[in-house]
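Down below is the structure, laid out as structure tokens.
First listed ligand is number 1; within each ligand, the first listed atom is number 1.
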Amino acid sequence: MQVLKFGGSSVADATAMSRVLDIVSKAAEKDKVVLVSSAISGATDLLIKASGSSEEERNALLEELKKKHFKIIERLFTGREQFDTKESIEQIHKRLLEARRDDYQAFGELFSTTILAKKLAYEGLDTLWIDSVDLIRCKMGSVDKEYSYKRIREVVESHPEIRVFVAPGFIAGDENAQICTLGRGGSDYSAALYAAALGANTLQIWTDVPGIMTTNPKEVKKAQTISRLSYQAAFCLASHGAKVLYAPTVAPAQEAGIDIQILNSLDPKQKGSVICDYPAREEGEWIGIAKRVCGDTAELALVADGKIAQQSIEDVRMRLNKRDISQLEFRDEGNYLLLKVPVSQALDALATLHYFCFEKDDYRKVYLAGKGAVGSALLKIIAESDANIDICAISAHECEDEAFFRKMMEEASPNSIFVDCTDSESIWKWYVPVLEAGINIVSSNRRALSVPYAEYAAMKRSARLSRRFLRYETTVGTALPVLFSIATSAASSDEILSIEAVVSCTLNFILTSELPFAQALKKAQEIGLTEKDPSQDLLGRDATRKLLILAREAGVKLEEKDIEIEPVEEDKVRSNQRFVASLVKDDSSALGYKASIRMKEIDETHPARSLKGTENMIIIRSTYQPSPLIIQGAGEGAMMAASRVLNDILR
Ligand code: ADP
Ligand code: ASP
Ligand code: MG
């Protein structure tokens, strides 16, 4: 069973209704459908107005409403079908004129669903209009679920031949079986009740926006669709003013374990949002902002998908202070922040928070540290490319330059990127404060990423919490998409079984050269392949850093002390060997993996046999890969590295 609910704007006129009929007919090909519909847009407001009007004005308003429905019928039906449908509407109109004024608002859904049910039936679908007043029963102001679910099931089960049940949303019956309503926006709730009663496998709420968005797109143009959110987050947004979903809708769906999809009836191909059961995070990320106005105060709820981190709260306060927004109240409610601001500042506060939490601009401001080979090549490529990049400041220093960082963090706008092309040992200490200032980082400095694990984890955490990126694809295998491939496996629960990395440009050069070892090493030093002190390469320093980065990307908390290193002994080196850094799954070790760096003999069939010059190779084996993923290609070159850095900046 599928339950599909359409809101007022999705049935606003004949064109909108045709779209609904299309969506429902397609769905009915797959499985039975309960179609729940709101009144056509504006109808409920008009009925409420009519209920408080003089007799004369009431008649005029109700006549206007009937005409609107007649107009739709004239577009959707012809001949006898048109006549019959108009007749049904005429009957409802007569009942309306005789109804108690308090009941007027319930009639909008009767009009709309009558038209939809008639049309589906005339199109040949086995259709039945069902009466929500009889099926959904309220007791002391809330829905009696036990009774209602039983009634809904009885009616549906007693009509096995029916393909599409059409039910008015919003309305229900009270203890005396008199008509009542579920509250404004209540059709969403009706749909969830039908879905829960029938154990539906699909519950779709079709509306006029692409889903639940980071905030109301009518107030902030750059609002983005939230693709997936928890019941809790959806409820929190809905109950604080995100009108797209009526808050009581969440409970019946959640109790029955049914996902709620929010879809756009104007563009049915869009993916929309899914509200489902997924665990709250220990440190939640911002997910959306809801706003509602109470008198001259506006209440903003900034909602996270888990517990809000202290740092994030401070950041929000700082942003509002910077814009001089008076915070009448500022409360941490665990998974959301509740702010009260004067109504006159509400839109400014909303825009400020939305910009800070969710927006990225389409041009990037770059602050570059390091003007060595890669940094200079990067400047050249940027100057030649038509990427929208604004170089705001350059620090030529090889190590940290306090004035440069202070300036960057002061002027930081959320789209800024700090690019580290240095090989500084200590510059990483700036990474966390830079991320926390809302600046992204692209780094080609592998020393910064091979720091002790706790420091590395702190950087990752800051990036996640401040919703900024930290990219460093060039730190292993330069332009080869190595880290990307490993992270993809790790993120899709394809467990890494082993990684063999032949990534030392110096040793690959020496081992594939015709020259004797000492001469080849000298040459490698001359052409700038080696560390400043070439003996460091033979001790595996560079390979160690690369292996740390690779392993951590695979989710292994590797530390330097965990790596078994056998330094290269010049006189024992053979050309059938390669200098291999490897990570191999090993359940007997505490980490779950063994890491080593050593010269390894490889036979004729080993892929690394084909390496030439400074080429790199990474061989990745994982559970779901039937044969290893082999990534091979050039391992060094300043222009190549720079172009990959640019890719990290732009992607
Ligand atoms: P329907 O008639 O389909 O029930 P509603 O008017 O009740 O539609 O709800 C959809 C409207 O909710 C949108 O047009 C939008 O202006 C408003 N809205 C408020 N907050 C949000 C949000 N966070 N995401 C999407 N829409 C929102
Ligand atoms: N028609 C009702 C209203 O306007 C219910 C709904 O649209 O969900 O509030
Ligand atoms: Mg609604």
Side-chain angles (χ1 to χ4, degrees), residues 4-13 16-17 19-20 23 36-49 65 104-113 132 136 167-172 179-194 204-227 229 233-250 260-267 270 272-273 275 286-293 299-303 336 346-347 350 353-354 357-358:
L4 274 60
K5 177 263 169 176
F6 295 87
S9 51
S10 303
V11 291
D13 52 28
M17 278 208 190
R19 275 194 295 261
V20 169
I23 295 169
V36 177
S37 178
S38 293
I40 65 172
S41 99
T44 312
D45 288 339
L46 184 147
L47 286 162
I48 291 171
K49 190 170 166 207
L65 187 63
Y104 278 16
Q105 54 173 322
F107 279 72
E109 273 70 10
L110 300 181
F111 285 123
S112 62
T113 50
S132 302
I136 298 178
F170 183 49
I171 57 176
I179 210 162
C180 67
T181 72
L182 300 175
R184 293 304 305 268
S187 299
D188 300 341
Y189 186 31
S190 314
L193 293 168
Y194 277 106
Q204 297 178 338
I205 295 192
W206 292 83
T207 182
D208 62 347
V209 282
I212 300 198
M213 308 184 74
T214 46
T215 194
N216 188 345
K218 289 186 184 126
E219 292 183 320
V220 177
K221 267 217 199 83
K222 289 200 170 169
Q224 302 143 28
T225 308
I226 309 168
S227 55
L229 67 168
F235 178 79
C236 195
L237 287 169
S239 56
H240 287 91
K243 186 183 170 223
V244 60
L245 184 73
Y246 185 48
T249 310
V250 176
I260 310 173
Q261 291 168 265
I262 312 286
L263 297 159
N264 188 353
S265 65
L266 300 169
D267 190 357
Q270 285 186 359
S273 303
I275 302 166
W286 297 127
I287 195 156
I289 315 171
K291 176 184 138 246
R292 70 177 166 204
V293 173
E299 196 181 88
L300 302 178
L302 179 52
V303 180
Y336 70 100
L347 286 178
L350 183 62
L353 292 179
H354 194 270
C357 298
F358 305 110

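In terms of modelled atom types and a separation under 3.5 Å, the side chain of Thr214 and the main chain of Gln224 share a donor-acceptor contact. With hydrogens and angles disregarded, a donor-acceptor distance shorter than 3.5 Å links the side chain of His240 to the backbone of Cys236. Distance alone, capped at 3.5 Å, is enough to place a donor-acceptor pair between the Tyr246 side chain and the Leu182 backbone. A donor-acceptor contact shorter than 3.5 Å is absent between the side chain of Arg292 and the backbone of Ala301. The backbone N or O of Ile226 sits less than 3.5 Å from a side-chain atom of Ser273, completing a donor-acceptor pair.
Ala290 approaches Ala242 most closely through the heavy-atom pair CB-N, 4.0 Å. Between Ser132 and Ile171, the shortest heavy-atom distance links the atoms CB-O, 3.4 Å. Here the shortest heavy-atom pairing between Ile289 and His354 reads CD1-N, 3.7 Å.
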Mind running side-chain contact (heavy atoms from CB on, under 4.5 Å) on Ile275 and Leu245 for me, showing each step along the way?
CA-CA 11 Å; Ile275 302 166; Leu245 184 73; 3.8 Å; yes

Could you please spell out the steps behind the side-chain contact (heavy atoms from CB on, under 4.5 Å) verdict for Trp206 and Leu4?
CA-CA 7 Å; Trp206 292 83; Leu4 274 60; 3.8 Å; yes

Would Glu109 and Val36 count as a side-chain contact (heavy atoms from CB on, under 4.5 Å) here? Give the steps.
CA-CA 9 Å; Glu109 273 70 10; Val36 177; over 6 Å; no

Would you please test Ser38 and Lys5 for side-chain contact (heavy atoms from CB on, under 4.5 Å) and show each step?
CA-CA 8 Å; Ser38 293; Lys5 177 263 169 176; 3.7 Å; yes

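For ligand 1, the atoms lying closer than 4.0 Å to a non-hydrogen atom of Gly211 are 24 (N), 25 (C). Which parts of ligand 1 touch Ala242 is read off a 4.0 Å heavy-atom cut-off, strictly below it: atoms 20 (N), 23 (N). For ligand 1, the atoms closer than 4.0 angstrom to any heavy atom of Thr207 are 1 (P), 3 (O), 8 (O), 10 (C).
For the pair Lys243 and Asp188, the salt-bridge criterion is not met [side-chain N within less than 4.0 Å of a carboxylate O].
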Any protein N/O atoms within less than 3.5 Å of an N/O atom in ligand 2? List the atom names and distances, or say none.
unit_1   : atom_1 : unit_2 : atom_2 : d
ligand 2 : 1 (N)  : Thr44  : OG1    : 2.8
ligand 2 : 1 (N)  : Glu109 : OE2    : 2.7
ligand 2 : 4 (O)  : Thr44  : OG1    : 3.4
ligand 2 : 4 (O)  : Arg184 : NH2    : 2.9
ligand 2 : 7 (O)  : Ser38  : OG     : 3.1
ligand 2 : 8 (O)  : Gly185 : O      : 3.4
ligand 2 : 8 (O)  : Gly186 : N      : 3.4
ligand 2 : 8 (O)  : Ser187 : N      : 3.0
ligand 2 : 8 (O)  : Ser187 : OG     : 3.1
ligand 2 : 9 (O)  : Arg184 : NE     : 2.7
ligand 2 : 9 (O)  : Gly185 : N      : 2.8

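For ligand 1, one of its N or O atoms has an N or O atom of Asp208 under 3.5 Å away. Between Ser38 and ligand 1, a contact under 3.5 Å exists for no N or O pair. Ligand 1 has a nitrogen or oxygen under 3.5 angstrom from a nitrogen or oxygen of Gly8. For ligand 1, the polar-atom distance check against Met213 finds a nitrogen or oxygen pair separated by under 3.5 Å. For ligand 1, the polar-atom distance check against Thr214 finds no nitrogen or oxygen pair separated by under 3.5 Å.
Close to ligand 1: Thr215, with a non-hydrogen atom less than 4.0 angstrom away.
Here the shortest heavy-atom distance to atom 18 (N) of ligand 1, taken over Asn264, Ile289, Asn216, belongs to Asn216. Within the set Ile205, Val220, Val244, the minimum heavy-atom distance to atom 26 (N) of ligand 1 is found for Val244. Distances from atom 4 (O) of ligand 1 to the heavy atoms of Arg292, Lys243, Arg184, Lys5 put Lys5 nearest.
At a 4.0 Å heavy-atom cut-off, ligand 1 touches Pro217 through the side chain alone.
For atom 14 (O) of ligand 1, the nearest non-hydrogen atom of the protein is Lys218 NZ, 2.6 Å.
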